[in-house]
K.L.:
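This is the structure, below, for whatever I ask next.
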Amino acid sequence: MVKVKSAAQIQAMREGGKILRDLFIKLNDFIKPGVTTNDINKFSHRFIVSRGGKPSCLGYEGFPASICASVNDVVVHGIPDDTVLKDGDIIGVDVCVYYKGMHTDAARTYLVGNVSEEIKRLVKITEEAFFEGIKHIKEGSRVGDIGHQVQTFVESNGYTVVRELQGHGVGCDLHEEPGIPNFGVAGTGEFLKAGMTIAVEPMVNMGSRHVTISRQDGWTVRTKDGKPSSHFENTLLITKDGVEILTM
Ligand code: MF3
Ligand code: CO
């Protein structure tokens, strides 16, 4: 069942979203060569708790950390560890906050030190793909409209979209219906209603779209060809005439 949120629930998500926005600004300075993904996890955990929130990822289906930290060829769901970030890396940081009974979900991909122009472009196109995907979305739009826009934009720029993972409804639970694929056909799929809250999250690969899941930890999703991948995500509210982004 697709849930429409109440005014109070939406307000709680705005406030939770502000925690994420502020965290991502702080991480801009915190993330640099020499920092470990554990350091980023600890910093993020403390920040969320200091603002009265809870990291929704911690313990979610057994996930062992407060954030996902996905370096270079890791697409999503990387588990923070003692990996030291080095000049030229990229790292996707995916964070979910539980605040006043509601979840919000967002991700950024950060550049570590001096990153090649080629990889910078991948990160930039991924962010732009998110905005392309939601550009004309409002009440009455359909899920396939988002996927179609994201896919068309990404592929016309020479990259590929991951198909095994997708965006999702979010709010009362971390993952709600409907699923929001980053590919598809315009004019198909679930209709979007004002008051729905969804996470839109393009995952864009430099090489082929194919991915593998780590057999060691059951979480880490990597590109099959070892080429870099970038992720950008926000939680948004569907309104009568557009969307309100709740996490930036
Ligand atoms: N934003 C991630 C997702 O939608 C949340 C992952 S939490 C985790 O898949 F616990 F699964 F890592
Ligand atoms: Co998500």
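Since this is a predicted model, take the numbers as computed values, not measurements. Count residues from 1 along the sequence. Heavy atoms only: backbone and side chains are in, while hydrogens, waters and symmetry mates are out. Numbering of ligands and ligand atoms starts at 1, following listing order.
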K.L.:
Checking Asp105 against Thr235: is there a side-chain donor and acceptor pair closer than 3.5 Å?
P.N.:
no

K.L.:
Determine, for Glu127 against Lys124, whether the closest basic-nitrogen to carboxylate-oxygen distance falls under 4.0 angstrom.
P.N.:
no

K.L.:
Check the orientation of Phe43 and Phe30. Use parallel for under 30°, tilted for 30 to 60°, and perpendicular for over 60°.
P.N.:
parallel

K.L.:
Any ion pair linking Lys26 and Asp22 (charged N to carboxylate O, less than 4.0 Å)?
P.N.:
no

K.L.:
For the Co ion (ligand 2), how many protein N, O or S atoms come closer than 2.8 Å?
P.N.:
4

K.L.:
Do Lys18 and Glu15 sit within salt-bridge range, that is, some charged N less than 4.0 Å from a carboxylate O?
P.N.:
no

K.L.:
Mind checking whether His168 and His175 have parallel, tilted or perpendicular rings, split at 30° and 60°?
P.N.:
perpendicular

K.L.:
Looking only at side-chain N and O atoms, does Arg108 offer a donor or acceptor that is under 3.5 Å from a partner on Asn234?
P.N.:
yes

K.L.:
Parallel, tilted or perpendicular: which one describes the rings of Phe24 and Tyr110, with boundaries at 30° and 60°?
P.N.:
tilted

K.L.:
Quiz question: by atom type and distance under 3.5 Å, do the side chains of Asp82 and Asn38 form a donor-acceptor pair?
P.N.:
no

K.L.:
Protein residues near ligand 1, heavy-atom distance below 4.0 Å?
P.N.:
Cys57, Tyr60, Phe63, Cys68, His77, Asp94, Cys96, Asp105, His168, His175, Glu201, Trp219, Glu233

